[in-house]
Amino acid sequence: MPDDVLYRPSDDPDTVATDTHPADAAGPDTAGPDTGAADTAEDVATSKPVRVLGRIGLVAYGAVNLVIASLAVQVAFGDRERADKTGALATVAETGVGRVALWLAVAGLAALTLWTLAEVVFGHRGPSVGRRVLRGAIDLAEAGIFATLAVSAAKIAAGGSSQGSVLSTVLRWPGGQWLVGAAGVGVAVLAGFAVWRGLRGGFRRDLDLSRCGPRLGRLGVLAGHVGWVALGLAYLTAGVLTVRTAVRYDPAQPVGLDAGVQTLGAQPYGPALLLALAAGLAVFGLYCLFDARCRKR
């Protein structure tokens with residue numbers, strides 16, 4: 001079977017035609033002031049500069065996952081590295097060139113956040129109401145991840161400290177252990193979605209495979225299947241470690257995902273698990289680069 005048939009975007013079972021704008025279908029004479037304002041906002045959020053910076057943000061997100069994978073490998077072999085997003089950003093910022101790259105990543109991640117939020121507001125017009133709500137919730141979660149990473153990158157690029165833990169701060173609040181435990185459960189739910197998306201291939205609805213050749217498309221889709229499942233398993237690990245931190249909280253002990261990863265690496269099965277997770281995150285990082293090349297619009 002020809003490759004261009006194998007990799008048509010329409011082959012994705014989750015892909016629904018959403019190119020027709022309701023205002024376009026109604027005709028130019030039916031658009032009122034509110035519609036015009038909405039169209040202007042959509043034009044800004046999906047403009048070429050935002051899309052270009054958004055693709056840079058995808059590259060930055062992929063690079064962060066690749067750095068995390070390398071740090072996890074070092075932890076698996078006994079090094080005391082911060083195998084989390086903050087540790088990855090701090091590693092990049094160790095040189096002047098890296099600090100400049102972080103500022104570029106901040107701009108890209110901010111644009112990627114805006115681009116993703118535009119999908120929440122203006123996208124998903126074709127599916128049923130239930131599916132639109134689900135996809136909107138997923139996009140909001142992704143936008144939150146990108147925005148948080150952008151803020152962290154900006155703080156570190158500006159010379160701020162990468163030390164400290166949000167978890168340790170929240171745990172000191174009244175009811176903080178319950179909040180952290182609930183957050184861990186939420187991360188585990190996101191992990192289940194990521195695994196499902198990888199197995200189902202739902203990520204393909206974000207891609208325009210006509211932008212890349214058949215060979216690149218084949219490799220990129222394969223990386224998407226493997227990478228999303230691996231990302232889900234990594235998030236599941238993070239969720240379990242977060243719940244564990246909430247249940248076993250001791251103010252005298254270090255807390256946070258980094259401390260959990262270090263504890264995990266010290267277990268008999270820890271190094272093998274960390275190496276497997278590192279390999280999966282590396283594949284997901286490569287998929288992000290493919291996504292930046294072949295994302296729709």
Do V59 and L289 come close enough that some side-chain heavy atom pair is under 4.5 Å? yes

Heavy-atom check, side chain of L112 versus side chain of L53, under 4.5 Å: no

Would a single hydrophobic cluster contain both L109 and V151, if residues Ile, Leu, Val, Met, Phe, Trp and Tyr are joined by side-chain heavy-atom contacts under 4.5 Å? no

Hydrophobic cluster membership, V67 vs V64, 4.5 Å side-chain cutoff: yes

Side-chain contact, heavy-atom cut-off 4.5 Å: T245 with L171? yes

Determine the minimum heavy-atom distance between A194 and G232, stating which atoms define it. CB-CA, 3.6 Å

Once rounded to the nearest 0.5 Å, what's the spacing between atom CD1 of I145 and atom OG1 of T116? 10.0 Å

W103 CH2: over 12 foreign heavy atoms closer than 6.0 Å: yes

What distance do F290 atom CZ and L216 atom CG have between them, rounded to the nearest 0.5 Å? 5.5 Å

So do D139 and L117 actually touch side chain to side chain, heavy atoms under 4.5 Å? no

Check which hydrophobic residues are tied to F77 through side-chain heavy-atom contacts below 4.5 Å, counting indirect links as well, and list them. V73, L275

Identify whether L241 and L277 are in the same connected component of the hydrophobic contact network (ILVMFWY, side-chain heavy atoms under 4.5 Å). yes

Mind checking whether W228 and Y287 have side chains closer than 4.5 Å, heavy atoms only? yes

Test item: L231 and N65 side chains (from C-beta on) under 4.5 Å apart, heavy atoms: yes

Considering only heavy atoms from C-beta outward, does the side chain of V187 approach that of V243 to under 4.5 Å? no

Listed by chain and number, what are the side chain to side chain contact (heavy atoms under 4.5 Å, CB included) partners of A69, not counting sequence neighbours? A278, L281, A282

So, the side chain of R99 versus the backbone of I156: is there a donor-acceptor pair under 3.5 Å, distance only? yes

Please answer whether the main-chain N or O of L58 pairs with a side-chain N or O of R295 as donor and acceptor at a distance below 3.5 Å. no

One should read off an interatomic distance between T237 OG1 and R244 CZ, to the nearest 0.5 angstrom, of 12.5 Å

When rounded to the nearest 0.5 angstrom, what is the spacing between CG in L179 and CH2 in W173? 7.0 Å

Steps toward salt bridge (Lys or Arg N to Asp or Glu O under 4.0 Å) verdict (R293, D208): CA-CA 9 Å; R293 170 68 176 80; D208 179 4; over 6 Å; no

Taking atom CZ of R205 and atom NZ of K296, what is their separation to the nearest 0.5 Å? 8.5 Å

If you take the centroid of each ring, where Trp contributes its six-membered ring, are F203 and H225 closer together than 6.0 Å? yes

Assigning hydrophobic clusters by single linkage (Ile, Leu, Val, Met, Phe, Trp, Tyr; side-chain heavy-atom cutoff under 4.5 Å), is V247 placed with V240? no

F146 reachable from L66 in the ILVMFWY side-chain graph, under 4.5 Å edges: no

Do R204 and V221 have side chains that get closer than 4.5 Å, going by heavy atoms? yes

Value rounded to 0.5 Å, distance of CG in D206 from CD in E142: 7.0 Å

